[in-house]
Amino acid sequence: MATGKRRVFILGGGAALGAHHVGALRYLEEQGITPDVVVASSIGVINACVYATGGVAQLERAWRGFRSLPRIFAPSVWHNPLFGLSLFSMDRLTTGVEEYMDFEKIHASPLDLHVVLLNLSRGRGEVYSKHDCADARELRTLSRAGYAIPLLFPPVRFHSDWFVDGGFAWNIPLDHCLTLDPSEIYLLAPIASQLPYVGRFRTFVGFVQRLLDVMWRTIGNMGYLYAAMEDQRFHGVPVTVIEPTEQWSGFGPLAVFHAHPRKNQDLMAAGYRDAKRALAARRRRESRMRPPRAAERVAPEPAAAPPGDGAGSS
């Protein structure tokens with residue numbers, strides 16, 4: 001039985017699929033379901049910071065016209081394989097997304113924010129809270145480390161160590177959430193865990209694409225695909241998983257990094273529908289598990305009188 005006090009949201013990584021979070025958050029908010037704590041990785045870090053700044057409305061403004069490729073593929077004199085540690089600079093991306101973030105406000109917000117990182121200096125996945133940041137400037141650095149996709153972008157120095165996006169190592173940290181005194185967990189996973197069945201592979205390219213889809217689906221959802229959950233509870237804590245359907249399970253060339261207004265709108269609409277479907281399924285499940293009310297219980301039949309107790313017996 002969950003006895004915690006805080007509602008925890010996990011915003012999983014998924015690059016250009018992150019707009020799915022927005023629609024899901026919109027529906028949850030309409031149902032009066034908002035987080036006390038957000039645990040975020042990769043694109044989830046960007047969404048969490050925008051959400052903490054101005055709620056779902058700010059997220060919708062940020063995603064409405066967002067185009068990712070011009071901000072990701074940003075050649076640089078210093079940030080390249082010859083002189084640096086990455087293919088591109090991160091400057092264009094940070095400029096674009098931080099337009100919608102107010103780190104002073106985030107730092108002071110009652111919303112607790114945790115960021116999943118890969119500590120390259122120590123060789124392990126770690127989670128840092130905004131409370132580990134002395135001020136808004138450190139919080140900005142922490143957030144940038146959270147979506148510094150390795151190889152594409154250079155590592156970020158935070159508290160003397162070097163960090164990159166932790167989504168590739170620890171994308172859905174359910175176990176960390178148990179340390180946060182959760183009453184319930186809402187897992188917003190923008191990467192579909194179910195792939196359509198494929199009976200045969202006609203070409204080598206098709207085989208490679210399927211392999212990449214399986215790897216991406218597994219890495220993106222490993223934290224809960226292999227979690228020991230029973231009746232959608234993780235160590236007694238209710239977990240509601242909101243994820244896309246198979247429609248969004250193929251990741252073709254560049255698709256995972258290619259966000260554009262039409263795709264963003266479609267994903268936000270899908271997130272809204274998927275959250276509605278997930279909550280309906282949860283309510284049906286809880287209804288089946290709920291014991292009947294006193295008025296609904298069937299009264300037991302009276303026991304038969306023992307022989308010799310009937311009227312007229314001597």
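All heavy atoms count here, side chains included; hydrogens, waters and symmetry mates do not.
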Under 3.5 Å, is there a donor-acceptor pair between the side chain of [X] and the main chain of [Y]?
| X | Y | answer |
| --- | --- | --- |
| Asp112 | Ser129 | no |
| Ser89 | Ala74 | no |
| Arg71 | Arg92 | yes |
| Asn171 | Gly13 | yes |
| Lys263 | His258 | yes |
| Asp165 | Gly167 | yes |
| Lys105 | Gly54 | no |
| His107 | Arg140 | no |
| Ser86 | Phe88 | yes |
| Thr218 | Val214 | yes |

Can you find a heavy atom in the side chain of [X] that is under 4.5 Å from one in the side chain of [Y]?
| X | Y | result |
| --- | --- | --- |
| Tyr224 | Val241 | yes |
| Phe168 | Ser42 | no |
| Pro244 | Asp274 | yes |
| Arg64 | Pro261 | no |
| Pro182 | Arg6 | no |
| Ile43 | Leu17 | no |
| Trp248 | Pro190 | no |
| Leu187 | Glu243 | no |

**Report entry** Full working for side-chain contact (heavy atoms from CB on, under 4.5 Å) between Arg285 and Arg288
**Finding:** CA-CA 5 Å; Arg285 186 167 58 250; Arg288 290 195 299 268; 4.0 Å; yes
Taking atom [atom1] of [X] as the centre, does the number of heavy atoms from other residues, nucleotides or ligands within less than 6.0 Å exceed 12?
| X | atom1 | value |
| --- | --- | --- |
| Phe207 | CZ | no |
| Leu225 | CG | yes |
| Glu230 | CD | no |
| Glu286 | CD | yes |

Minimum heavy-atom separation for [X] to [Y], with atom names?
| X | Y | result |
| --- | --- | --- |
| Ile172 | Gly220 | CG1-O, 3.6 Å |
| Ala192 | Ser249 | CB-CB, 3.9 Å |
| Ser193 | Asn221 | CA-ND2, 3.7 Å |
| Val50 | Ala62 | CG1-CB, 4.3 Å |
| Ala148 | Val156 | CB-CG2, 4.1 Å |
| Val116 | Pro173 | CG2-CG, 3.8 Å |

If I take atom [atom1] from residue [X] and atom [atom2] from residue [Y], how far apart are they, to the nearest 0.5 angstrom?
| X | Y | atom1 | atom2 | answer |
| --- | --- | --- | --- | --- |
| Asp36 | Ser183 | CG | OG | 7.0 Å |
| Leu139 | Asp132 | CG | CG | 10.5 Å |
| Arg7 | Glu184 | CZ | CD | 4.5 Å |
| His114 | Cys177 | NE2 | SG | 9.0 Å |
| His21 | Ile46 | NE2 | CD1 | 11.0 Å |
| His79 | Asp91 | NE2 | CG | 5.5 Å |

Under 4.5 Å between side-chain heavy atoms, counting indirect links through other Ile/Leu/Val/Met/Phe/Trp/Tyr residues: same cluster for [X] and [Y] or not?
| X | Y | answer |
| --- | --- | --- |
| Trp162 | Leu142 | no |
| Tyr147 | Phe73 | yes |
| Val164 | Met90 | no |
| Leu152 | Trp216 | yes |
| Ile33 | Tyr27 | yes |

Query raised in the report: Hydrophobic clusters join Ile, Leu, Val, Met, Phe, Trp and Tyr when side-chain heavy atoms are under 4.5 Å apart, directly or via other members; which others share one with Leu82?
Result: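 Val77, Trp78, Phe83, all in the cluster of Leu82.
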Without hydrogens or angle criteria, can the side chains of [X] and [Y] be said to hold a donor-acceptor pair below 3.5 Å?
| X | Y | answer |
| --- | --- | --- |
| Thr53 | Gln58 | no |
| Tyr186 | Arg282 | yes |
| Asn47 | Trp63 | yes |

Requested in this report: Only one of Val205, Leu211, Leu212 passes side-chain contact (heavy atoms from CB on, under 4.5 Å) with Val208; say which it is.
Outcome: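 Running side-chain contact (heavy atoms from CB on, under 4.5 Å) over Val205, Leu211, Leu212 with Val208 returns exactly one hit, Leu212.
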Report task. Check the pair Tyr100 / Leu59 against side-chain contact (heavy atoms from CB on, under 4.5 Å), numbers first and verdict last. Result -> CA-CA 8 Å; Tyr100 300 94; Leu59 275 169; over 6 Å; no
Report task. Verify side-chain contact (heavy atoms from CB on, under 4.5 Å) between Thr245 and Arg273, making sure each step is shown before the conclusion. Result -> CA-CA 10 Å; Thr245 58; Arg273 292 192 303 269; over 6 Å; no
Requested in this report: Check salt bridge (Lys or Arg N to Asp or Glu O under 4.0 Å) between Asp161 and all other residues, then give those that pass, not counting sequence neighbours.
Outcome: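 So Asp161 forms a salt bridge (Lys or Arg N to Asp or Glu O under 4.0 Å) with Arg122.
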Query raised in the report: Of all residues at least two apart in sequence or in a different chain, which pass the salt bridge (Lys or Arg N to Asp or Glu O under 4.0 Å) check with Asp175?
Result: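 So Asp175 forms no salt bridge (Lys or Arg N to Asp or Glu O under 4.0 Å) with any residue.
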Query raised in the report: Run the side-chain contact (heavy atoms from CB on, under 4.5 Å) check on Tyr51 and Thr34 step by step: do they pass?
Result: CA-CA 11 Å; Tyr51 178 79; Thr34 56; 4.2 Å; yes
**Report entry** Pairing residues for Ala281 by the side-chain contact (heavy atoms from CB on, under 4.5 Å) criterion, not counting sequence neighbours
**Finding:**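 So Ala281 forms a side-chain contact (heavy atoms from CB on, under 4.5 Å) with Arg284.
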Report task. Report the residues that fulfil side-chain contact (heavy atoms from CB on, under 4.5 Å) with Asp135, sequence neighbours left out, ordered by chain and then residue number. Result ->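 Here the qualifying residues are Arg137, Glu138.
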Report task. Quick one: list whatever passes side chain to side chain donor-acceptor pair (under 3.5 Å) with Arg26, sequence neighbours left out. Result ->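 With sequence neighbours excluded, Arg26 shows a side chain to side chain donor-acceptor pair (under 3.5 Å) to Glu29, Glu60, given in chain and number order.
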Report task. Output yes when Asp213 and Arg217 qualify as a salt bridge under the 4.0 Å nitrogen-oxygen rule, no when they do not. Result ->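 No, Asp213 and Arg217 are not salt-bridged.
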